[in-house]
**Q** 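One structure, as structure tokens, below. Some questions next.
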Amino acid sequence: MSSELGHDCVIVGAGLAGLACARTLHHAGRRVAVVEASSRVGGRVSTDDVEGFRVDRGFQVYLDAYPEGRRQLDHKRLDLGRFAAGAIIAEGSRLMRIADPWRRPAEAIGGLFQGVVSVSDGLKIAQLRSQVLARLRADDLGDQRRGDTDVSTRDELLRRGFSREVIRRFFEPFFGGVFLERELATSSRIFEFTFAMFALGSGCLPAGGMAAIPQQLAEGLPAGAVHLETPAVAVEPGTVRLANGRTLTARSIVVATTFDAAVSLLPGRIDSAAASRTWKGTKLVAFAANRSPLAGPRLLVVADPRDARGPAGPIDNLTVPSDVAAGYAPRGESLVTVSVRSDWHGDGGVEEAIRQQASQWFGGQALDWRHLTTIDVPKSLPDERPQARAQRPHASLGDGLFLCGDHLTTASINGALASGRLCAEAVLASA
Ligand SMILES: Cc1cc2nc3c(=O)[nH]c(=O)nc-3n(C[C@H](O)[C@H](O)[C@H](O)COP(=O)(O)OP(=O)(O)OC[C@H]3O[C@@H](n4cnc5c(N)ncnc54)[C@H](O)[C@@H]3O)c2cc1C
């Protein structure tokens, strides 16, 4: 049954989840309208043009092994540039290279970890790899709701017998950057899934910037289906009230916003434990450089020195997106981006502190980096500790009302795409 406006379903929010939901419904022959508060699609996946540089709003990578990405996106058209496997680990003024812990962990034992990882830890990485891949094949690592037997990533690493040294030097800086927290309090299920994705594929950036991902999804919708700058102010069964005074009606309504926006649109309908979830934030600082300090598609992460009381500087991780995908910088220039540690409280400006810290690895060239922009993203990822994930709401709220978004699955591109598709399937099953 269609509404008087000809929609079977109205979707509030054009982030990845809302777009994936709309696309699945559209492919099933349903007429959809998507209302989006901001002036662009993509939500937390967006890219700014700053003086000809493509600056993603917060450092993000797309993993080309993501099962939902493979199902829903055209990788070829995204023209993905790939990061080299492994990472450069900075400890004090020293740089160490980890070759490829994901695909060839045994090489750790041959010395390619340059002393970062002991033989015993290298063997445990190899065992972790084969176990998570076996569980992935058995469909035991997906985004579906699971029992409450989950533990934190740190507890899981300790249970597996990893040394505190490899946790400090590798797992904390690498996965701390992925989870946006170095305590490694994030669910071990998310850790294992992410580990499997790195083992099967590469971290990537689309040539057009991360925003090319939601743009591709939106291009798959009929013209006029997405209404930008159209915030919803209230949602009730069958009705979406808009800030512009109009009301849209449809048999099914999907709220595909962040969890806190969903709570205010649907007062009393979301369990209070799920509604009180908190956010993790991050900050990105972008610079223009005459040449790339990394000279290749690499990621540099910073390990805390042993017994450190706090970070030695603001840099959490540093990369050169224009080495990964050429479209990120004008010809002849390099884009350097730095994620800033949330626990850095140094004196003075963060840009100068970054230049100073980077100059111990790259010499005087870092002092000449030209600041382009600083982007604060206080609401980057919902709390992903096991106890917070256990309270995730269900997609179907009853009365034709549905929820989707990364807060129902995992805080990732894969999680958002999966949640949108699964929500659309629930809508189709209900109608
Ligand atoms: C800095 C950062 C780094 C990340 N790094 C990675 C990474 O490396 N790899 C990875 O896989 N994932 C990463 N993620 C996570 C990933 O980007 C998110 O999980 C995903 O984009 C969430 O999509 P979503 O559709 O659930 O929510 P959102 O993108 O938040 O979409 C919600 C949409 O709803 C709209 N909206 C809100 N209120 C209203 C209203 N009242 N009316 C209409 N519209 C409304 C918003 O404007 C927004 O467009 C990162 C995220 C951030 C921010």
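As the structure lists them, so they are numbered: ligands from 1, and atoms in each ligand from 1. Just so we're clear, the structure is a prediction, and the values are computed from it rather than from any experiment.
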**Q** Taking side chain to side chain donor-acceptor pair (under 3.5 Å) as the criterion, tell me which of Arg385, Glu181, Arg389 meets it with Thr186.
**A** Glu181
**Q** Which protein residues come within less than 4.0 angstrom of ligand 1, counting heavy atoms only?
**A** Val12, Gly13, Gly15, Leu16, Ala17, Val35, Glu36, Ala37, Gly42, Gly43, Arg44, Val45, Gly58, Phe59, Gln60, Val61, Tyr66, Pro231, Ala232, Ala256, Thr257, Thr258, Ala261, Leu265, Thr282, Val377, Ser380, Leu381, Gly405, Asp406, Ala411, Ser412, Ile413, Ala416
**Q** Decide whether Ser188 and Asp150 meet the rule of one side-chain donor and one side-chain acceptor closer than 3.5 Å.
**A** yes
**Q** Strictly by side chain to side chain donor-acceptor pair (under 3.5 Å), give each pair with a member in residues 213-228 just once, sequence neighbours left out.
**A** Arg77-Glu219
**Q** Can you check whether Phe198 and Phe174 have ring centres sitting under 6.0 Å from each other?
**A** yes
**Q** Identify, with sequence neighbours excluded, every residue that meets salt bridge (charged side-chain N to carboxylate O under 4.0 Å, His left out) alongside Arg70.
**A** none
**Q** Please list all pairs meeting side chain to side chain donor-acceptor pair (under 3.5 Å) that have one or both residues in residues 232-245, counting only residues at least two apart or in different chains.
**A** none
